[in-house]
Amino acid sequence: EPSIAFVPKLVGIPYFSAMKQGFEQAGKKFGAHIIYQGPTTASVSGQAEMVQSLINKHVTAVGVSANSPTALEALAKQAKDHGILFYSTDSQVDGPDVDLRVQQTSNKALAYTVIDQLATAIGGKGDVAFVSGGPTATNLNEWIALMKQRIAAKYPAIKVVSIQYAGEDINNATQVTGQLLSAYPHLKGVVGVNSTAVPGAAQAVLRAGLSGKVAVTGITDPNSIRPFIMNGTVKSVVLWNPIALGYLTAWGIMQELAHKPFATENAVPGLKGKVHYDAATHTLLLGKPLVIDKANVSLNF
Amino acid sequence: MSAAVMGAPKVPRLRLPQGREALLLITLAVLVAGIGMFSHGAFWSRINLDNLFVSSAITLIPAIGMTVVILTGGIDVSTGSMLGLTAAIGGSCFAAGWSLAATVPVFLLAGAGLGLVNAVLIIKGKIPPVIATLGTLSIYRMIVFIVLGSNWITQIPPVLTRVFVVDHVLWLPVVALIALGFVIVASLYLRYFRWGRHVYALGNNEEAARLAGIRPERIKLAAYVMLGLLTGFAALLTLGQSPMVQTSTGSGFVLQVIAAVVLGGTSLSGGRGTMAGTLLGTLVVQVVDDGIVLLHIQPFWNGVALGVIILAAIGLSSRRDAGGM
Amino acid sequence: MALVELKGIVKRFGGVVALDGVDLTLVPGETHALLGENGAGKSTLIRVMTGAVVPDEGSITVGGTPCRFTHPAQASAAGIAAVYQEPMIYPHLSVLENIFAGAEMTGRFGIVRRGAMAAVVRPLLEQLDLPASLLVRRMSSLSIGFQQMVLITKALMLNAQVIIFDEPTSILSQAETDRLFVIIERLRRDGRAIVYITHRLDEIRRIASRVTVLTDGRVSGTALTSDLDEAKLLTLMAGKASRDYGKPLRDRAAPAHGTPALRMAGLTRAGAYQNVDWDVPAGQVTGVYGLVGSGRSEVALAAFGALRPERGTIALQGRPIAPRDPAEAMRLGIGYLPEDRKLQGIFATKPLEANLTAGTIGRFRARGGRLDFAGLRGEALRLIGYYRIKARDETIGIGTLSGGNQQKALFARWAGQSLKVLILDEPTRGIDIGTKAEIHDFIRDLAAGGLAVVVISSDLPEVLAVSDRIIVMRRGSVVGVAEGAAMNAEAILASAVGADARAA
Amino acid sequence: MHASGFDRTRPLLLAAMAVLALAGFAIGHPDILSGANFDSMAVFGVEIGMIALGQTLVISGGDSGIDLSVGAIAGLAQVVLGRLLHADVAWPLAVAVTLGAGLGLGAINALAVTWLRIAPIIATLATLFGYAGLALVLSGGTNIDLTQQSSWFLALGQGRVLGLPFQLIALYLPLLAMFAFLQHGTGYGRALYLTGTNDRAAALAGLRVGRLRGAAYVLCGLTATIAGIVGAARLGTARPDAGMNDNLISIAIVVLGGTGIFGGTGSVVGTALATVVIAIVDYGLSYNDFNPIYQAGVIGVILIGVILVENPVLAWRARRFK
Ligand SMILES: Nc1ncnc2c1ncn2[C@@H]1O[C@H](COP(=O)(O)OP(=O)(O)OP(=O)(O)O)[C@@H](O)[C@H]1O
Ligand SMILES: Nc1ncnc2c1ncn2[C@@H]1O[C@H](COP(=O)(O)OP(=O)(O)OP(=O)(O)O)[C@@H](O)[C@H]1O
Ligand SMILES: [Mg+2]
Ligand SMILES: [Mg+2]
């Protein structure tokens, strides 16, 4: 039975636990032992240390949701030299030595969907602010860039007045949003870019008595945002299904280990719909972003 | 070299607090005036003031306990983990459907209990406070991970937010009023009550205090337990501020608390400092932090601005405080 | 009827036997002096009585009931109070709080009654001739002399049955000592038992009725003061007769001509000293006498670069200097032995060797920037031997030495350096009589070697014994300079105290 | 007693603990005793170990000395280096400039503490914000890719000497030797110990207290910078947040190594042994599939446990001397 190790950006957050759940479902189904280990903070070096120890232990496959796109390239090569499969999922590693990449959804589709939701909520015009997580998180920064791109192209009446960084901490997000609300009295909307920023921003808006006047949306999971969707502060947020992402990753690894090549469109047992594969970048793509609103907020992840 | 360092006499002074409070007050006034002016009134908006008062209060409440602990010559660096752990324990009760009335004591007891663990390690185990609490900092955080099992708790009753944060009494959010009340009581207690004076005596010279019949162990025990209790209360308030418990809840918090206390003029070697200083220190930190967003400073420059303002404001006042040569 | 009875007290510190079966009986209405060489065990005995140190063997009875003190609180409950040799202060608290720490007067709800405490202590301050304004000052802002006065006040305040003084007057001058004695005498008549430790024999004769001599942790004799003369005492202490103390040691140097090695002119620092002129010639010992707080130490600190004067000039061998810190002063050739041994002098947790060589580290450099450890050790051993410091070896922590031996070590640290000017502030504080004379010899030798030496002391006989000239200061000003025949005790005391001060 | 006040009990306990930990892990997974694993432990221990060397000096200098900015310095150093390399500056020059910058950052700390007389915890907290902010500004918040740089440069973090990691043999051990020599063999070390013990007495003995302490902060800035450079070369990446966890760990290592936070005691030798213990425990736990959340907790237990074991040992030794 092959052992598949997954090193998330950090442990202790529901998002990666959900991915782990998907990994384990697939592990049970396809016969693989899943090892889930990661640093307790999103530390590049901590992640590298875990990957190194897993390589030294000669697991069958090791992979990450990367805290840095380049910092693990040397380790990917080392894995390859030891005959260990190296993959990245959720947040990718650059370079030629990555055997498999699994992408939740196209970054572009995700960012565009968020902005479309925002535009609907604020009527297509007004001042908005972004609240992000860590200022150095690669994928968050990429999404922000794409969101701005969408605004420039499609919603010229929307103006991004500020981008703030609150880390992975809901209290900081609440506080920063509170400050934004006073610093920009005409603010119409707040976009939370990571899973703590959206509920934090919603809480600040709620506290300031601006529910309904300032729209909040962004990228987060249903569990975190449920209270705010139920009380009407937030209409919709955007995500994908992390359990499915984990599941797909594990399936993809099993395919690779069995030397079964991917088609451009793949049917995955246990997943609905077809999964696209890009041979040039060795990337499996889970699917379209998922809009979460009152109708489907009972999803549990 | 400061005059005080050489042990040389200086002009008579009436009481402990040095010019530090006055200097902090001036610093605060300058910051408030400056930010008030350049933020085009945004600083004075209700939303901002509430925001400021609520976050100040949540820092201030444990800072009161921390001041006492540092006055005794000790320190507790586990406060952030303690806050996280009490929030996790209390939050689990909420998640299990406990009522507010049943859960509030859980927060306070959990906090006091964790404080007691620190106290016992320090007093009975004779472990230097930094080491003991560095140890429990990691251990408490580990327990947070175990308790939460990497799920965030979101079932926090909204009434917490309403009661502590949204409702106002006398123009202040309830938390702020509570914090202010605590500061006043603690300040009076330290200043006018026998036990409070013993805290200072102990921090000044433990050996002398022991020889004078003061029992250092009891005072230390009370100080650490009280800090735990206040931290437990702050955990409850944190959930009123943002209704979610994360595994990272409270990390980075202790530095903020210690910074406020030390900035307020409390000496890390003990025996010197006041509650008023801690109050002002807390406000200065929060106002600087607030001003950076209000002044529309580019986010990447936040840290630089924060660092420079602290160095400038504190550096100038410290130099003055030390009185030159 | 004995108030306190110690029997067979033994206390060991590691390998050192500090007390080796000591018996002591204290009776009410008697002042009992304890005498002994440095390191004889006096302070340890005191600490046993106050519960600060738990003896290994022996028994203590107070008022007939056997006691075993494991915490100082028990001793103070039993009515025993002490002024320790090393000032036990709360530096950041006010004088009032220092006096009442642990014994606050409280009213309803445990509120501390400052007013009442001040009212209680004020008469006592008056008797000690201390201003009431002292009460609100921060303890650390006082010079050590004043701190000592405050601690004495504190012990007197406690209203204890047994009051112990461990060298209370070692940095007090005649005037303060006199005031203290009046109070001690009254307490004695009140029926208290007083224990008094000192190295000044004249004081013993003035107030003590009984003397116990300790030698190497044993009682070598107890006698009524009236039965003892100096020679006998010294023999008891050291087992040998010592040189007559108090006589001039040597011929005075001829009055110096030419530029003095150190000259300070018009030195002023508001609130501390005004218009101070000091001329310190090379090859001589210049004594500086004054009451506690007369500003002697502060002027010295100015010369040493530790406290900048506001006005005035300092010249070294005719060249004006303005040292910014002690390091610069030392490079110029000025040294200063501070008066506050614990705070300004020793590195308590460091070995004797490091303490002895702290000022000369830079001189012991071997190849490759290495410290010359053999050299350091050699120098330390030389100093230990030369100045007869009683210590197991040079690696022992200086904090475990007796007060007098710590003082000798500090003296050795400075005397061992090559300088032009050396200012010694209370150099013999806590040093026993036998050794004191030796230190005086050392001081005279330094001067004879061409060094300009200043001796600041509150001990008038000492100043008279070692000095070639004496500067007298009062309230921050120089009020007299005496030389040759003019150097007599009465005249110097009179100008130090000031005619007006007595009246006030 | 040594001038350092350093007692041999602690190093012995730490050494024993390292052996025990290894033995314990070997029960679960005997192949942990392989060369590759020791290699990895060394590689991951070296950077924090270097930072801890500097931190030891700062803490032992007294006056509540502490440097909270070490992590930020490491991150800023990486960013400066990354920028220079991307501007096609030759790597030796870029490294040299970065080292110079690191000295400067340390010097700012030194000035804030000794000249502005700000309490070290506040001063270095402020510079922590400042340096981390500068790193963000200079990098634009992004990951800087150094994987394409000269392999000579990358060898600083990935190379090998005598079959062992380059940074261990050529950087850490020499640094450790230098710092140990500085502390125990030179006048500077002696003077810093005295300053840490009693700064008033030190000043009045003619020691330049401000300079002595200031130098400790400068050296600490330097070690953090070297650690940052090694990290960048090891990962082929420069990041503004590279040192985010280093502050607390470096302090924990220093106190575990026996340096008292009130100053005047301790030794980099203890710090080095503590680094070894932490590296073994850290790596060993993850090698044994322990959930990483227990790693921090175990380190907490070690901190407390060492003192709980040491206290009776010290008491016993004191009694034995009677
Ligand atoms: N804490 C301690 N640890 C080790 N040795 C100690 C300690 N305290 C005192 N000693 C030793 O006990 C002996 C007696 O010291 P003590 O202080 O009682 O002497 P003393 O008679 O008061 O001398 P002095 O006149 O110099 O004050 C000395 O040899 C001293 O070194
Ligand atoms: N009556 C007083 N009450 C309190 N402080 C006083 C009084 N008189 C003088 N002082 C303080 O004492 C200081 C002088 O102390 P300094 O140490 O220089 O004197 P000194 O002659 O060396 O006395 P000491 O023997 O106490 O060391 C002055 O700065 C002054 O502030
Ligand atoms: Mg003594
Ligand atoms: Mg003096």
Side-chain angles (χ1 to χ4, degrees), chain B residues 1-20 70-73 185 188-219 265-274 323-325, chain C residues 47 50-52 71-77 82 84 87-94 97-98 100-106 109-114 133-134 136-144 146 154 269-272 293 295 297-298 301 305-308 324-326 338-340 343-344:
Chain B
M1 194 166 307
S2 72
V5 165
M6 310 311 309
K10 290 185 81 179
V11 283
R13 283 192 188 107
L14 196 81
R15 51 185 188 79
L16 273 170
Q18 308 292 294
R20 180 60 79 107
I70 296 182
L71 280 176
T72 66
V185 170
L188 291 176
Y189 204 68
L190 276 185
R191 191 156 219 6
Y192 295 109
F193 286 75
R194 177 199 280 264
W195 191 85
R197 300 323 297 171
H198 287 182
V199 167
Y200 281 100
L202 168 63
N204 266 277
N205 189 337
E206 182 162 348
E207 167 78 354
R210 197 184 292 276
L211 291 176
I214 295 171
R215 305 228 175 216
E217 301 78 24
R218 294 188 192 170
I219 296 179
T266 299
S267 152
L268 277 177
S269 45
R272 190 166 35 156
T274 62
M325 182 60 198
Chain C
R47 294 168 66 79
T50 62
H71 192 284
Q74 297 160 337
S76 56
Y84 293 96
M88 281 283 183
I89 62 160
Y90 307 101
H92 308 303
L93 296 186
S94 71
E97 290 176 319
N98 265 274
F100 284 95
E104 293 84 357
M105 297 167 64
T106 51
F109 314 120
I111 295 177
V112 174
R113 297 170 61 207
R114 272 166 233 263
S133 63
L134 199 65
V136 295
R137 290 196 44 170
R138 210 150 83 121
M139 195 68 167
S140 66
S141 75
L142 299 180
S143 72
I144 187 168
F146 274 108
K154 177 178 176 145
R269 187 181 164 96
S297 302
E298 296 210 330
L301 284 168
L307 265 182
R308 210 85 71 81
R324 270 166 307 148
D325 56 19
E339 60 182 333
D340 191 338
L343 249 58
Q344 303 175 316

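Each chain gets a letter, A, B and so on, in the order its sequence line appears, and its residues count up from 1. Because only heavy atoms are used, hydrogens play no part in the values below, and waters and symmetry mates are left out as well, while side chains stay in.
The choice from B/Ala201, B/Gly196, B/Ala212, B/Gly213 that makes the most heavy-atom pairs within less than 4.5 Å of chain C is B/Ala201. Each of C/Ala82, C/Pro91, C/Ala77 has some count of heavy-atom pairs under 4.5 Å with chain B, and the biggest count is that of C/Pro91. Among C/Ala73, C/Gly51, C/Ala75, the residue with the largest count of heavy-atom pairs under 4.5 Å with chain B is C/Ala73.
Contact record, B/Thr274 with B/Thr266: N-OG1, 3.9 Å, taken as the closest heavy-atom pair. Closest heavy-atom contact between C/Arg308 and C/Arg269: O-NH1, 2.7 Å. Residue B/His198 comes nearest to B/Ile219 through the heavy atom pair CB-CD1, 3.5 Å, listed as atom of the first residue, atom of the second, then distance.
With a threshold of 4.5 angstrom between heavy atoms, C/Leu343 does not approach chain B through any atom at all. At a 4.5 Å heavy-atom cutoff, C/Arg113 makes no contact with chain B through either its backbone or its side chain.
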Could you go through C/Tyr84 and C/Thr50, starting from their C-alpha distance and side-chain angles, then the distance that decides it, and tell me whether this counts as side chain to side chain donor-acceptor pair (under 3.5 Å)? CA-CA 10 Å; C/Tyr84 293 96; C/Thr50 62; 2.7 Å; yes

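More than 12 non-hydrogen atoms from other residues, nucleotides or ligands lie less than 6.0 angstrom from CZ of B/Phe193.
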